[in-house]
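Working notes, beginning with the structure itself.
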Amino acid sequence: MKLFQTEHSFNYPWDQVTAANWQKYPNELSTHVISVDILDRTINNQGILRTERLIGCKQSIPRWLSFLVGGATVSYVREISEVDLKNQTLVMKSMNLTMNNLLLVKETIIYKPDPELNLQSTLFKQSAEITAFASVSRICDKVEEWSVERFSQNARTGKLAFENVLNRLNDKWEDAGVVKDSLLLNEVKKLQF
Amino acid sequence: MGNIMSVSFAPECTPAKQEYDDCFNKWYTEKFLKGKSIQNECTEFWDNYITCINANLAKEGIKPMLDKAREDEPFSHEEIKKDLKE
């Protein structure tokens, strides 16, 4: 098993980041995400919004790996998320449904206000456990190495893509007056310009 | 400001999904985040959309692996609370 971890701070308030999270795809950089569906959505008695999503991905894989896993083109990921407005947290947990007998990727993402930046930015923490199952452990190592590399590539792209989405939505919300009264946002702007 | 929206895994569900997503995103930014509503108000769009999805999950053979994942890794509320404490 291999672990992947990363942290990043987005220069937008938490509430805006969580709203943009629902509209992250499609974007011009994350072309491997081809569909997003909501399977279930509930609000519990503490006001926590829990969502189950099915995400469809298409990604080219090296020939030596496609020989192992067959020629599957689309793979699916199940994701559970919880938005806790009171405590200002968004947690997303996911795992792949397709071929998880060969390669299992379990990911956890947490978004919460960045305590070091006076809550004007949002802290993003991502961690993933990547496990390959095969009878020959050397193949496992190679598959895991390749997967970690691909995962970190996607994570870098994802960060950049989400910055772009945040930018685009921020302009849209400003035009519509949605964020006009956001004190946090005004503070962020003062810092930026 | 063209609204690019994600599509459904089942093309025939995409129109219903986009109607639902539109309603949800509006509700989320304008009500939920402001603490004005703890009830999801998009039920009429939801019913259409989820009926379409459920039919296609079965048709495309996704349902069995989905159910297995739900059982193996429920990602329960308790588990999420634990992640937040770490």
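- Between A/I110 and B/L84, the shortest heavy-atom contact is CG2-CD2, 3.9 Å.
- B/R70 contributes no side-chain N or O that, together with a main-chain N or O of A/R78, makes up a donor-acceptor pair within less than 3.5 Å.
- Counting heavy atoms from C-beta outward, A/N100 and B/M65 have side chains that stay 4.5 Å or more apart.
- We find that B/K81 and A/E82 are not joined by a salt bridge, their nearest charged nitrogen and carboxylate oxygen being 4.0 Å or further apart.
- The part of B/I53 that comes within reach of chain A is its side chain, from C-beta onward, which places non-hydrogen atoms under 4.5 angstrom from that chain.
- Interface remark: A/L39 contributes backbone and side-chain atoms alike to the contact with chain B (heavy atom separation under 4.5 Å).
- Scanning both residues, B/N25 and A/W22, for their nearest heavy atoms gives OD1-CB, 3.5 Å.
- More than 12 heavy atoms of other residues, nucleotides or ligands shown are found within 6.0 angstrom of CD on B/E78.
- Looking at A/K86, neither its backbone nor its side chain comes within 4.5 Å of chain B, counting heavy atoms on both sides.
- B/H77 places a side-chain heavy atom less than 4.5 Å from the side chain of A/Q46.
- The contact between B/F32 and chain A is made by backbone and side chain atoms together, counting heavy-atom distances below 4.5 Å.
- Across B/P74 and A/I80, no two heavy atoms sit closer than the pair O-CG1, 4.1 Å.
- Heavy atoms closer than 4.5 Å to chain A are found nowhere in B/N54, neither backbone nor side chain.
- A distance-only check finds a donor-acceptor pair linking the side chain of B/K17 to the backbone of A/V36 [under 3.5 Å].
- Proximity to chain A involves both the backbone and the side chain of B/L33, based on heavy atoms less than 4.5 angstrom apart.
- Judged by distance alone, the side chain of A/D37 and the main-chain N or O of B/F9 form a donor-acceptor pair under 3.5 Å.
- Around atom NZ of B/K31, no more than 12 heavy atoms belonging to other residues, nucleotides or ligands sit under 6.0 Å away.
- The nearest pair of heavy atoms linking B/S8 to A/S35 is C-CB, 3.7 Å.
- By the criterion of side-chain heavy atoms lying less than 4.5 angstrom apart, applied directly or through intervening Ile, Leu, Val, Met, Phe, Trp or Tyr residues, A/L166 is not grouped with A/Y25; the two fall into different hydrophobic clusters.
- With a 4.5 Å cut-off on non-hydrogen atoms, B/F75 touches chain A through its backbone and its side chain both.
- Of the two parts of A/L54, only the side chain, counted from C-beta on, holds a non-hydrogen atom closer than 4.5 Å to a non-hydrogen atom of chain B.
- At a 4.5 Å heavy-atom cutoff, A/S127 makes no contact with chain B through either its backbone or its side chain.
- In this structure, chain A has no heavy atom under 4.5 Å from any part of B/T43.
- Heavy-atom distances place both the backbone and the side chain of A/V83 under 4.5 Å from chain B.
- Residues A/P26 and B/S6 have side chains in contact (heavy-atom distance under 4.5 Å, counting atoms from C-beta outward).
- Neither the backbone nor the side chain of A/E79 has a heavy atom closer than 4.5 Å to any heavy atom of chain B.
- Counting non-hydrogen atoms of other residues, nucleotides and ligands closer than 6.0 Å to CD of B/Q39 gives a total of 12 or fewer.
- Residues B/E60 and A/Y76 form no side-chain contact, since every pair of their non-hydrogen atoms from C-beta on lies 4.5 Å or further apart.
- The contact between A/L97 and chain B is made by backbone and side chain atoms together, counting heavy-atom distances below 4.5 Å.
- Heavy-atom pairs under 4.5 Å with chain A were tallied for B/L57, B/T14, B/D21, B/L66; the largest tally goes to B/L66.
- In terms of heavy-atom pairs under 4.5 Å with chain B, the best-connected choice from A/R41, A/R50, A/M95, A/M92 is A/R41.
- Hydrophobic cluster membership is shared by A/L85 and B/F24, with clusters built from Ile, Leu, Val, Met, Phe, Trp and Tyr side chains linked at under 4.5 angstrom.
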